[in-house]
Amino acid sequence: MKSAKFTVSALAVIAASATAAAARDQIQISGSSTVLPYATIVAEAFGENTDFPVPVVESGGSSAGLKKFCEGVGENTIDIANASRPIKDSEKEACKAAGVTDIMEVRIGYDGIVFASDIGSNDFAFTAADWFNALAAKVVKDGKVVNNTATKWNEIRADLPDQEILAFVPGTKHGTREVFEEKVIAAGCEESGAAEVFKAELGEDAAAKACLDLRTDGKSVDIDGDYTETLARIQSAKHGIGVFGLSFYENNTDKLKVATMGGVTPSTETIAAGEYPVSRPLFFYVKKQHIGEIHGLKEFAEFFVSDELAGPEGPLAAYGLVADPELAATQAAVAEEAILAE
């Protein structure tokens, strides 16, 4: 991981002396593997540039992190959940039931979801429909709904490579999976025309499910670990294609070759311009009830979204984060300790 090197200027304002007694010395953070490297960079810089201890940052996926976040209030519960998707209404309800009533949502920037294979593999130019037709359990052939039996990418579209279909996709506990389903698989179901046939043959509710159901014959493999596991799978199965966050790919360009999606190459520039179709905002959620109880919690949140860290010239952008053009509004919301509406 690249180290965060920068000169502290405005950040010095945040570096209040850590003298007050606290029940727990370190901020506890869990959640998204996509947000993990950014949170780790910030945590290390926070420890180096303030008098506060380095926060403890763990991964496990957005859903797992939010589940831990919603377990309750108190020093035996985490303070922050990282997420590569917005918190769900059901999660907010779970939080509320456990006494977590005041939640601050902090958007840190944007990331893309990319499709990459071994550096020595074929070039791919994908559409969302290609991924649906390759991985969906049921597809449409000659106007009829049939089980998906495709084995090679050139069976999906003639100008795709003559290569075995093998896709490593995020497991269901990851926020990336939900974005992948929405912006690739469901979008591909619509784009291919399958959605309309599903509705006609199966009905509205069953059609929505059919659009998202993936094959279980080994062509689509769920990865429950982080992106390093996906990379390891590709290194052992050179014909595999993995779903990654842009920043992970950009830090492994010596090992991975990225595909285009909808004719656009993923990059911080194409995501910032709104050209690349598979991008998403990244968040962390703060348990406001812990501010004042867990020492340095608000200071950490302000530090994370400061211009020096999360701005376009900061270390997070250097690692691959697409800076949020509305960062100033996020900074103001954190300063005001604004909470999510119920």
Side-chain angles (χ1 to χ4, degrees), residues 14 24 27-36 38-39 42-43 46 55-111 172-179 181-183 245 279-307 309-310 316 321-342:
I14 297 170
R24 169 157 49 78
I27 296 165
Q28 302 282 340
I29 304 168
S30 187
S32 167
S33 56
T34 301
V35 180
L36 175 67
Y38 303 123
V42 176
F46 188 67
V56 176
V57 186
E58 297 177 344
S59 186
S62 299
S63 297
L66 284 163
K67 183 177 180 181
K68 289 179 71 174
F69 182 81
C70 292
E71 286 177 351
V73 176
E75 63 178 275
N76 61 334
T77 65
I78 65 170
D79 311 302
I80 292 175
N82 294 327
S84 59
R85 57 162 175 82
I87 190 171
K88 300 174 184 176
D89 288 341
S90 59
E91 290 165 333
K92 286 190 270 187
E93 287 300 317
C95 269
K96 186 177 179 181
V100 182
T101 55
D102 296 338
I103 302 170
M104 296 165 57
E105 179 180 79
V106 184
R107 188 175 65 207
I108 65 168
Y110 292 84
D111 183 39
T172 54
K173 70 178 181 179
H174 291 287
T176 303
R177 173 59 171 258
E178 296 178 33
V179 181
E181 287 181 344
E182 175 192 347
K183 296 201 169 187
S279 61
R280 52 14 190 332
L282 303 178
F283 304 90
F284 65 87
Y285 291 90
V286 180
K287 200 172 289 179
K288 183 179 175 180
Q289 289 145 290
H290 282 193
I291 292 177
E293 300 296 326
I294 302 301
H295 202 44
L297 182 55
K298 182 176 180 180
E299 290 86 349
F300 177 78
E302 291 180 316
F303 188 87
F304 203 130
V305 297
S306 64
D307 291 336
L309 269 293
L316 303 189
L321 182 72
V322 179
D324 190 342
E326 298 179 358
L327 187 59
T330 298
Q331 292 166 348
V334 172
E336 294 166 7
E337 300 179 17
I339 62 171
L340 285 171
E342 290 191 20

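Quick note: numbers below take in every heavy atom, side chains included, and nothing from hydrogens, waters or symmetry partners. Residues: numbered from 1 along the sequence shown.
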Heavy-atom closest pair (Ile29 atom, Pro55 atom, distance to 0.1 Å) is CD1-CB, 4.0 Å
- Query: Heavy-atom distance under 4.5 Å between the side chains of Thr34 and Arg280, does that happen here?
  - Reply: yes
For Gln331 and Val305 the tightest heavy-atom approach is NE2-O, 2.8 Å
Heavy-atom closest pair (Gly74 atom, Thr77 atom, distance to 0.1 Å) is O-OG1, 2.7 Å
Requested in this report: Apply the test side-chain contact (heavy atoms from CB on, under 4.5 Å) to residues Leu316 and Phe304: give CA-CA distance (whole Å), side-chain angles for both, the deciding distance (0.1 Å), then the verdict.
Outcome: CA-CA 10 Å; Leu316 303 189; Phe304 203 130; 3.8 Å; yes
Quick one: side chains of residues 81-88, donor-acceptor pairs under 3.5 Å with protein atoms, not counting sequence neighbours, listed by atom name and distance.
| unit_1 | atom_1 | unit_2 | atom_2 | d |
| --- | --- | --- | --- | --- |
| Ser84 | OG | Ser62 | OG | 3.3 |
| Ser84 | OG | Thr176 | N | 3.3 |
| Arg85 | NE | Glu178 | OE1 | 3.4 |
| Arg85 | NE | Glu178 | OE2 | 3.1 |
| Arg85 | NH1 | Glu91 | OE1 | 3.0 |
| Arg85 | NH2 | Ser63 | OG | 3.0 |
| Arg85 | NH2 | Glu91 | OE2 | 2.7 |
| Lys88 | NZ | Glu178 | OE2 | 3.3 |

Could you tell me whether the side chain of Met104 reaches within less than 4.5 Å of the side chain of Glu337, counting heavy atoms only?
yes
Minimal heavy-atom distance between Ala301 and Val286, with the atoms involved, is CB-CG2, 4.4 Å
Between the CG atom in Asp79 and the NE2 atom in His295, the distance rounded to the nearest 0.5 Å is 13.0 Å
| said: side-chain contact (heavy atoms from CB on, under 4.5 Å) for Lys92 and Leu340? Distances and angles first, verdict last. | reply: CA-CA 9 Å; Lys92 286 190 270 187; Leu340 285 171; 4.2 Å; yes
Beyond-backbone contact of Thr101 with Gln289, side-chain heavy atoms, under 4.5 angstrom: yes
Residues Ile78 and Ser30: closest non-hydrogen pair is CD1-CB, 3.9 Å
In terms of heavy-atom contacts, Val57 and Ala39 come closest through CG1-CB, 3.8 Å
Residue pairs passing the salt bridge (charged side-chain N to carboxylate O under 4.0 Å, His left out) test with at least one member in residues 60-69, sequence neighbours excluded, are Glu58-Lys68
- Query: Heavy-atom distance under 4.5 Å between the side chains of Phe303 and Val42, does that happen here?
  - Reply: yes
Side chains of Val56 and Ile27: does their closest heavy-atom pair fall under 4.5 Å? no
message = Ile103 vs Lys287, test: side-chain contact (heavy atoms from CB on, under 4.5 Å). Steps then yes/no.
response = CA-CA 5 Å; Ile103 302 170; Lys287 200 172 289 179; over 6 Å; no
Would you call the rings of Phe300 and Phe284 parallel, tilted or perpendicular, taking 30° and 60° as the class edges?
tilted
Test Leu282 against Leu321 for side-chain contact (heavy atoms from CB on, under 4.5 Å), laying out the working first. CA-CA 9 Å; Leu282 303 178; Leu321 182 72; 3.9 Å; yes
Residue set satisfying side-chain contact (heavy atoms from CB on, under 4.5 Å) with Pro281, at least two apart, ordered chain then number -> Arg107, Tyr110, Phe283
Determine whether Leu66 and Tyr285 make a side-chain contact, defined as any pair of heavy atoms from C-beta on separated by less than 4.5 Å.
yes
